[in-house]
Amino acid sequence: MPELPEVETIRRDLEPLIVGRRIQGVRIHPGAERLAVTDAPRALERALAGRTVEAVGRHGKYLTLRLDDGRWWVMHLRMTGSLVHLPADAPPHRFERARIDLDDGTTLRFNDLRKFGTWHLVDDPVEAMPNAGPDALSDEFTPRWLRERLRGRETPVKAVLLDQSVAAGVGNIYADEACWIAGIDPRTPAGRIGPTRAARLHAAVRETLEESLGDRGSSFSDYRDGLGGEGMHHLLVHVFRREGKPCGRCGHTIVKTRVAGRGTHYCPGCQRR
DNA sequence: ACTATGCCCTGGGTGC
DNA sequence: TGCACCCAGGGCATAG
């Protein structure tokens, strides 16, 4: 599942390889028509052909490619998507859903087992992400902002962390990790998190995202970076998918439960309500 | 306004 | 070995 650290790794990998490159052609493969959200597949392919990539940005889990006609190609990889730079003659991955040919003889391959990924072609990136709040690594995501968004809510604190209007880019892995770092039970009603713990949680969100980014993300299953390689951070997580194993801080056995409809991992020994 | 649930999708794992 | 079933989940739509 590419979350903020994974998408940022892809962005950094691809930026030097595709900025200034002209798109020779785009092909959305049969069966992957739903990838194209804003236009029909053939119309999207036509609109992208001939454009030059001017910048590669990111907001939350969205990749944003600025084109030379002023429009934005906004991609979301959802759970199993990847975007890999390869030579034109490299064989397709088993789950290749689309292919982009560039003017230097290289390609980008959009691979996506579950076909949940999306492409938008828009005048402004916000059109593709109407509910996106501040990026979790931006200056706009502050302890005060998080505290305000937690206040008065009955919903579990983890559900607030997963809300992209609160902190864009946090997904299931890093929500669990942030709660562990902060010593907070992910089921805790959000309104019970006071200013001190909110500040701790804010710092924990930043810490887990930055640590993972330093390790080029986490490759639990399908995630690959912009060059097709794996991240390292899944080897260093504290709780995510570590149920049955000992907590590195207190030694209690990590458990798995369900919170906000998502598999949730925490340590009952040192994460408090 | 807030909260919970279902939908999309398919490979991999489990149980019989 | 084969087959049916269930699970994973981001973002959105819908219902209560």
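Naming: A, B, ... by sequence-line order, numbering from 1 per chain. All values below were derived from every heavy atom in this structure, side-chain atoms included, with hydrogens, water molecules and symmetry-related copies excluded.
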Please list residues of residues 162-178 of chain A whose heavy atoms come under 4.0 Å from any atom in DNA chain C, ordered by number; otherwise none.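 Contacts with DNA chain C under 4.0 Å: Gln164(A), Asn172(A).
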Inter-residue atom distance His265(A).NE2 - Cys247(A).SG, 0.5 Å rounding: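 If we round to the nearest 0.5 Å, His265(A):NE2 and Cys247(A):SG are 14.0 Å apart.
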Length of the [atom1]-[atom2] vector between [X] and [N], whole Å:
X	N	atom1	atom2	value
Asp112(A)	dA8(C)	CG	P	19 Å
Met79(A)	dG11(C)	CE	P	9 Å
Leu77(A)	dA8(C)	CG	C1'	17 Å
His120(A)	dG11(C)	NE2	P	12 Å

Short side-chain N/O contact from [X] to OP1 or OP2 of [N], under 4.0 Å:
X	N	answer
Lys256(A)	dA8(C)	yes
His76(A)	dG10(C)	no
Asn131(A)	dC12(C)	yes

When you compare the side chains of [X] and [Y], does any donor N or O come within less than 3.5 Å of an acceptor on the partner?
X	Y	result
Ser218(A)	Tyr174(A)	yes
Arg78(A)	Thr80(A)	no
Thr64(A)	His59(A)	no

side-chain hydrogen bond (donor to acceptor under 3.5 Å, both in side chains) between Lys158(A) and Thr264(A), worked out: CA-CA 9 Å; Lys158(A) 177 171 174 179; Thr264(A) 297; 2.8 Å; yes
One character per nucleotide, please: for nucleotides 2-14 of chain B, 5' to 3', B when the base has a protein heavy atom closer than 4.0 Å, S when only the sugar-phosphate does, - otherwise. -SS---BBBSS--
Under the salt bridge (Lys or Arg N to Asp or Glu O under 4.0 Å) test, residues paired with Arg42(A) that sit two or more places apart: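 If we apply the salt bridge (Lys or Arg N to Asp or Glu O under 4.0 Å) test to Arg42(A), skipping adjacent residues, the hits are Glu45(A).
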Please set out all donor-acceptor pairs under 3.5 angstrom arising from side-chain atoms of residues 129-141 of chain A, sequence neighbours excluded.
from: Asp135(A); atom 1: OD1; to: Arg58(A); atom 2: NH1; distance (Å): 2.7
from: Asp135(A); atom 1: OD1; to: Gly60(A); atom 2: N; distance (Å): 2.7
from: Asp135(A); atom 1: OD2; to: Arg58(A); atom 2: NH2; distance (Å): 3.4
from: Asp135(A); atom 1: OD2; to: Leu137(A); atom 2: N; distance (Å): 3.0
from: Ser138(A); atom 1: OG; to: Asp135(A); atom 2: O; distance (Å): 2.7
from: Ser138(A); atom 1: OG; to: Glu140(A); atom 2: N; distance (Å): 3.3
from: Ser138(A); atom 1: OG; to: Glu140(A); atom 2: OE1; distance (Å): 3.4

Salt bridge Asp13(A)-Arg216(A), side-chain N to carboxylate O under 4.0 Å: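 Answer for the salt bridge query: yes.
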Would Lys61(A) and Glu3(A) count as a salt bridge (Lys or Arg N to Asp or Glu O under 4.0 Å) if you check the C-alpha gap in whole Å, the side-chain angles of each, and the deciding distance to 0.1 Å? CA-CA 6 Å; Lys61(A) 303 169 195 169; Glu3(A) 304 180 22; 5.6 Å; no
All N/O donor-acceptor pairs, side-chain side in residues 114-126 of chain A, below 3.5 Å, sequence neighbours left out:
from: Lys115(A); atom 1: NZ; to: Gly31(A); atom 2: O; distance (Å): 3.1
from: Asp123(A); atom 1: OD1; to: Arg71(A); atom 2: NE; distance (Å): 3.0
from: Asp124(A); atom 1: OD1; to: Val126(A); atom 2: N; distance (Å): 3.0

Can you check salt bridge (Lys or Arg N to Asp or Glu O under 4.0 Å) on Asp68(A) and Arg51(A), steps first, answer last? CA-CA 6 Å; Asp68(A) 62 347; Arg51(A) 300 273 64 80; 2.6 Å; yes
Table of protein N/O atoms under 3.5 Å from nucleotides 14-16 of chain C N/O atoms:
none

